[in-house]
Amino acid sequence: MEVLYNSTRSKNEPVKASQAILKGLSEDGGLFVPDHIPALDRSLSELSEMDYRQVAYEVMKLFLTDFTEEELRACIERAYDSKFDTDVIAPLAEAGGACYLELFHGATIAFKDMALSILPHLMITAAKKNKVENEIVILTATSGDTGKAALAGFADVEGTKIIVFYPKDGVSPVQEKQMVTQKGANTLVVGIHGNFDDAQTGVKKLFSDRELAAEMEEKGYQFSSANSINIGRLVPQICYYVYAYAALLREGRIREGEQINVVVPTGNFGNILAAFYAKNMGLPIGKLICASNENKVLYDFFRTGTYDRNREFVLTASPSMDILISSNLERLIYRIAGNDADKNRELMAALTGKGKYEISAQMKASLGDFYGNYATEEETAAEIGRLYRECGYVIDTHTAVASAVYQKYRQETGDKAVTVIASTASPFKFARSVMNAIDEKYDAKTDFQLIDELSSLAGVKVPKAVEEIRTAPVLHRKQCEVGEMKDTVREFLHL
């Protein structure tokens, strides 16, 4: 059955998957959501015999129904190739009583590679299908990882340009160097004087700017997004949860149909929403454990039913989660509101106007799949140290937030179900925080000395993505105020 995509903010005519991917965001500011969540049409035992690429096809074909089999398989083969440093693509590592789903083996050593390796191929295919002649301008805000993964995916891709805005003082040194050394004549990286929420809000304003859209159309350009607001980012993320279950079944760690729990370190809510969609496709997931850092707006939401961004923005050692406006939560709100665009639009207007909204008791009762908690900076560091001392396994700061929250969940509930923790970034990306958590004696060393120490400590080779930036020249030095983002875009596109 064909899956069409509706906006979360209007009852406009639904669009096909390829059109939703090209647009990125609906004209009314809403996010595209599937008109129904399709059920898996392969048994779990059948999926357990497949490799990652085969599982990805079985999941994506159900959502991207206007792509032919040939088109979709070609996109998948181009995406999940030698860019990944393991044939398995997303291996599972068992440590400390949990299974860590390593999603960082791609070109930029973060989980964003899992979706952003395929998005450029989906987008170019979608453009051809829809006879788009304009050049596509990818406009993206990043809290650290999306930016580099999108840049790597779209650099020098014909028919595209990419502009990435990031908070100048809100990412790790390795994250920043990965972005500002990016090659490609079609790339622009800009540090804004503000936080990620400022960047993301600015990007959303540019998407809905009719005047700018008209100027771009005249010059042969149109915007699309590589953020997780793009359904072409979200659908590929569903695949790795299905694959993780299939791998556990293949390895005999679970029985077919046995429920597992999933823990996700959460900022913009896209990664855990993908797990929610997987559960609704029929994957046997029990609890979806939403782990926050000290920017615990989601923890408070699941506890109280009130989403309130009116609070201090905390810069933490897990910067990709330093977010107070979790954009993808809107997709869940729309669903628990009974797919009521008017109700959802009213709540989002309250968030924009007053900085908060409250869901009804009936909507809150629909959140039973989720458990929310958070980890402090001290708890996050302690969890990195604990896992290293007990198992010799080294995790990054974001994964440590998830792992610490999982320990709280087990203590609170006694739930001993097999649990998959989404390990979202390589520890090499946050070497200083990771090494300090293991032993503070390392603090005096430079970032790249710490990376070499970490390699020795963990018995893991320094990833190619880190070696490449060790001596790479800085190519992007542009900075701007939040209010100058539009002018920056116009200047880059010579409007």
Side-chain angles (χ1 to χ4, degrees), residues 1-41 56-79 115-140 153-154 157 159-160 207-208 213 216-217 221-239 242 270 273-274 277-278 280-281 327-328 330-332 334-335 339-341 344-345:
M1 182 191 278
E2 186 176 28
V3 175
L4 296 174
Y5 290 84
N6 297 309
S7 167
T8 54
R9 297 194 190 180
S10 74
K11 296 184 177 73
N12 289 347
E13 196 71 24
V15 299
K16 293 177 182 289
S18 62
Q19 295 168 322
I21 289 169
L22 280 174
K23 287 173 182 285
L25 197 66
S26 176
E27 289 90 343
D28 53 41
L31 279 61
F32 287 113
V33 286
D35 60 358
H36 67 282
I37 295 181
L40 290 167
D41 64 357
Y57 173 73
E58 294 301 330
V59 173
M60 283 195 248
K61 74 176 187 186
L62 300 172
F63 283 94
L64 309 180
T65 50
D66 66 328
F67 285 74
T68 67
E69 178 175 350
E70 185 184 11
E71 287 169 340
L72 199 47
R73 286 196 187 277
C75 290
I76 289 167
E77 288 301 319
R78 289 186 195 120
L116 282 164
S117 292
I118 194 168
L119 182 61
H121 303 294
L122 293 174
M123 200 168 276
I124 296 305
T125 304
K128 287 176 185 168
K129 291 174 84 66
N130 289 277
K131 298 181 171 52
V132 170
E133 293 180 6
N134 284 346
E135 194 159 349
I136 297 165
V137 180
I138 306 299
L139 186 64
T140 290
F154 282 95
V157 170
T160 70
F207 267 101
S208 56
M216 290 177 61
E217 178 67 34
Y221 295 119
Q222 68 185 64
F223 277 143
S224 190
S225 174
N227 278 83
S228 54
I229 54 176
N230 192 316
I231 200 70
R233 267 281 304 275
L234 191 59
V235 169
Q237 291 180 276
I238 301 168
C239 302
V242 177
L273 184 70
Y277 278 16
N280 281 272
M281 293 181 81
S327 284
N328 272 288
E330 179 172 345
R331 286 184 163 115
L332 181 65
Y334 173 81
R335 182 180 174 89
N339 298 339
D340 184 337
N344 177 70
R345 190 173 62 249

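Everything numeric here is computed off the predicted structure, so don't read it as measured data. Scope of the values below: all heavy atoms of this structure, side chains included, with no hydrogens, waters or symmetry mates.
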**Request:** Mind running side chain to side chain contact (heavy atoms under 4.5 Å, CB included) on Ile118 and Met60 for me, showing each step along the way?
**Result:** CA-CA 11 Å; Ile118 194 168; Met60 283 195 248; 3.6 Å; yes
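- In this structure, CE in Met123 is found 3.5 Å from OG in Ser224, a value given to the nearest 0.5 Å.
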**Residue pair Glu58, Lys61: steps toward the salt bridge (Lys or Arg N to Asp or Glu O under 4.0 Å) verdict** = CA-CA 6 Å; Glu58 294 301 330; Lys61 74 176 187 186; 2.7 Å; yes
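- The minimum heavy-atom distance between Pro120 and Gly153, with the atom names listed, is CG-O, 3.4 Å.
- Of the possible donor and acceptor atoms, one in the side chain of Lys129 sits under 3.5 Å from a partner among the backbone N and O of Asp66.
- A pairwise comparison of heavy atoms in Ala115 and Gln237 identifies CB-CG, 4.1 Å as the closest pair.
- If you take OG1 on Thr125 and CG on Leu72, they are separated by 9.0 Å, rounding to the nearest 0.5 Å.
- Of all heavy-atom pairs between Ser117 and Ala79, the closest is O-CB, 3.5 Å.
- Figure legend: cation-pi geometry between Lys16 and Tyr5 absent, as NZ or CZ is not positioned both under 6.0 Å from the six-membered ring centre and within 45° of its axis.
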**Request:** Could you walk me through whether Arg233 and Asn230 pass the side-chain hydrogen bond (donor to acceptor under 3.5 Å, both in side chains) test, one step at a time?
**Result:** CA-CA 5 Å; Arg233 267 281 304 275; Asn230 192 316; over 6 Å; no
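- Between Phe67 and Leu122 the shortest side-chain heavy-atom distance falls below 4.5 Å.
- Under the 4.5 Å side-chain criterion, counting only non-hydrogen atoms from C-beta, Leu31 is in contact with Asn328.
- At least one side-chain heavy atom of Leu22 sits under 4.5 Å from a side-chain heavy atom of Asn130.
- When all heavy atoms are compared, the tightest approach of Ile231 to Pro236 is O-CD, 4.3 Å.
- A side chain to side chain contact (heavy atoms under 4.5 Å, CB included) with Pro14 holds for exactly one of Val33, Asp35, Asn6; it is Asn6.
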**Message:** Checking Phe63 against Leu234 for the side chain to side chain contact (heavy atoms under 4.5 Å, CB included) test, could you report, in this order, the C-alpha distance in whole Å, the side-chain angles of both residues, the deciding distance, and whether it holds?
**Reply:** CA-CA 10 Å; Phe63 283 94; Leu234 191 59; over 6 Å; no
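- Put simply, the side chain of Asn339 does not reach to within 4.5 Å of the side chain of His36, judged on heavy atoms.
- The side-chain heavy atoms of Lys23 and Phe223, taken from C-beta on, include no pair separated by under 4.5 Å.
- Side-chain atoms of Asn12 and Ser7 form no donor-acceptor pair, as typed in the model, at a separation below 3.5 Å.
- Remark: Thr140 OG1 to Ile229 CD1 distance equals 7.5 Å, nearest 0.5 Å.
- No side-chain donor-acceptor contact under 3.5 Å links Thr160 to the backbone of Ile136.
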**Request:** Given salt bridge (Lys or Arg N to Asp or Glu O under 4.0 Å), test Arg9 with Glu330 step by step and report yes or no.
**Result:** CA-CA 10 Å; Arg9 297 194 190 180; Glu330 179 172 345; 2.8 Å; yes
**Prompt:** Stepwise, does the salt bridge (Lys or Arg N to Asp or Glu O under 4.0 Å) test hold for Asp28 with Arg345?
**Reply:** CA-CA 10 Å; Asp28 53 41; Arg345 190 173 62 249; over 6 Å; no
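- Judged by distance alone, the side chain of Thr68 and the main-chain N or O of Glu71 form a donor-acceptor pair under 3.5 Å.
- Put simply, the side chain of Ile138 does not reach to within 4.5 Å of the side chain of Ser225, judged on heavy atoms.
- The distance from the CE atom of Met281 to the CG atom of Leu62 is 4.5 Å, given to the nearest 0.5 Å.
- When all heavy atoms of Val3 and Thr65 are compared, the pair lying nearest together is N-OG1, 3.0 Å.
- For Ile37 against Pro34, the heavy-atom pair with the smallest separation is CG1-CG, 4.4 Å.
- Side-chain polar atoms of Asn344 and Arg335 form no donor-acceptor pair below 3.5 angstrom.
- No side-chain heavy atom of Phe32 sits under 4.5 Å from any side-chain heavy atom of Leu25.
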